[in-house]
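Every number for a ligand or one of its atoms is a count from 1 in the order of the listing. Position 1 is the first residue of the sequence, and the numbers go up from there.
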Amino acid sequence: MLQQFLDNTFTTLRGAVTHYSPGLHLREIGTVTYVGGGIARIKGLPSITSEELVQFPDGLLGVAINLEPDEVGVMLLGNSEALAAGVEVSATNRETDTPVGEGLLGRVIDATGRTLDYGKPLSFTERRPVERPAPAIIDRAPVTIPLETGIKVVDALIPIGRGQRELIVGDRQTGKTSVAIDTIINQRDKNMVCIYCAIGQRGTAVARVVDTLRHHNAMAHTIVVVAPGEDPPGLRYITPYAATTMAEYFMEQGMDTLIVYDDLTRHARAYRELSLLLRRPPGREAYPGDIFYIHSRLLERATHLRSNRGGGSLTALPIIETQAQDISAYIPTNLISITDGQIYLSPTLFHKGLLPAIDVGKSVSRVGGKTQLPAFRAVAGDLRLSYSQFEELEDFARFATRLDQDTRTTIEHGRRVREVLKQTEHHPLRPSAQITVLKALNAGLLDDLDLDQIASAETKIQQRMSKECPKLCERMETDHPLNRQEWQTILDVASQVIAGIK
Ligand code: ATP
Ligand code: MG
């Protein structure tokens, strides 16, 4: 009896399920109660989740970031001029996502995939969430391969490895963007995908960067992701996460990627703006309590994956602007503690014309040293020593009237070190060119030249080496240390060139 009843019920239920046709879509509708400053507050939408997209009229989207018992705070991802209180909105059951794929290379886009370069429509492979968990520790490999910037002072003294996070920090107009752009230019023909992520900058500044990259044939391997200063803070806030998702697409296929966040000071300000409007309690410098977390969550996604996960890497170069050289302000200290080192650009050096204005004493790279090529490491040690001795003596020597011969020699040698470490922007050098000239410098061969003869001597030595000893140049760029004979060849070539100049 009971069995028959159960069988009947089961058959009826199965019939109902098989013939069910979804005629009705249930959608939650809410009402806007406040709009302003790039955020909206909404009543209704009781089952919305954090980070879910909200659909406004005219295609405008927002992201739910503040869930309160009777109200939802939403950051808007577009222009809100047409929006007013009383408008109806609906939840979408979708996370914020961004396009990814090879079709993005060479393009200038925003985080939502809107093209900003007046080119053809964007072709992309798929859309992926902008917020993704960072790779697990077990999937990460140590940083072992160098990422060459082509800038002598960085590659020799503050070397960066693939998968590292190196902060570029300095006051305004000290050459921060130039260091990052030169690094992108130097990745031409290296099978590395680069992403330049501009946050809150003026349109003209971004246009200049894109022009520079085009001019140096560096756009083919680069994606430029932009959130201009006039964009709503919500868009400025999600842009670095979206750019990272784009890079991860390539990293997960085993490729090496580099991402520049220019700059995270403006990103932090966008988040502060949103948080204050959403009435979150302000903390130090009026930033909300989770400001450290939003940056660590972003930079944790930079890594070098193990070979069984494809072996790809994501190197991050976040940029931070300081005020009056105060690196102990809230956001710079946060970022310094999150990253694996910093390149500090000094306005004093910039005004003295010592470009790139990198202050070696205040810069450090905590993991990249292990990745340096053996030939490079051999010249870097002596260079660091003579440069720091010189910096110490130089200040002291200004007050001394009579100096002994040793001190004078150290200072004169140091002046030449400083001269060699100067480099004009957008002229990256390959490792062998750098090693050659640094070897000649360490051996004191340049000490007899005048300071203004150094630049031309340097170029001549590099040209002669690459012409006469191409095999040796290649060897310098491998994992093998050079033998005595090979070092001697470099010194012989350099001596001949210098003899010709004197
Ligand atoms: P901002 O704070 O405005 O973003 P920034 O710190 O990013 O500035 P850059 O825009 O990179 O600085 O550089 C400032 C100026 O210095 C630019 O005009 C640039 O051309 C020049 N400059 C930077 N580095 C060098 C260099 N190595 N050689 C010659 N000029 C340089
Ligand atoms: Mg800049």
**Request:** Evaluate salt bridge (charged side-chain N to carboxylate O under 4.0 Å, His left out) for Arg272 paired with Glu285, printing each intermediate quantity in order.
**Result:** CA-CA 9 Å; Arg272 175 170 64 182; Glu285 294 181 23; 5.3 Å; no

**Message:** Let's go through Glu95 and Arg127 carefully: what are the C-alpha distance in whole Å and the side-chain angles of both, what is the deciding distance for salt bridge (charged side-chain N to carboxylate O under 4.0 Å, His left out) to 0.1 Å, and is it a yes or a no?
**Reply:** CA-CA 10 Å; Glu95 283 174 276; Arg127 295 187 77 94; over 6 Å; no

**Cation-pi geometry met for Arg297 and Tyr293 (6.0 Å, 45°)** = yes

**Prompt:** What pairs meet the side chain to side chain donor-acceptor pair (under 3.5 Å) rule with one or both residues in residues 101-124, with sequence neighbours excluded?
**Reply:** Glu102-Tyr249, Arg107-Asp117, Asp110-Thr112, Asp110-Arg114

**Asked** Quick one: side chain to side chain donor-acceptor pair (under 3.5 Å) pairs with a partner in residues 355-383, sequence neighbours left out?
**Response** Gln164-Ser365

**Complete:** Expected contact list for ligand 1 at under 4.0 angstrom, heavy-atom basis, is Arg172, Gln173, Thr174, Gly175, Lys176, Thr177, Ser178, Glu321, Phe350, Leu355, Pro356, Gln423, Thr424, Glu425

**Prompt:** Going through the distances and angles, do Tyr241 and Arg132 end up as a side-chain contact (heavy atoms from CB on, under 4.5 Å)?
**Reply:** CA-CA 8 Å; Tyr241 301 98; Arg132 303 177 78 225; over 6 Å; no

**Message:** Over 60° means perpendicular and under 30° means parallel, so tell me whether Tyr237 and Tyr271 are parallel, tilted or perpendicular.
**Reply:** parallel

**Item:** Protein N/O/S neighbour count - the Mg ion (ligand 2), strictly under 2.8 Å
**Value:** 1

**Prompt:** What's the spacing between Gln342 CD and Tyr344 OH if we round to 0.5 Å?
**Reply:** 10.5 Å

**Asked** Within a reach of under 6.0 Å around CZ of Arg172, are more than 12 heavy atoms found that belong to other residues, nucleotides or ligands?
**Response** no

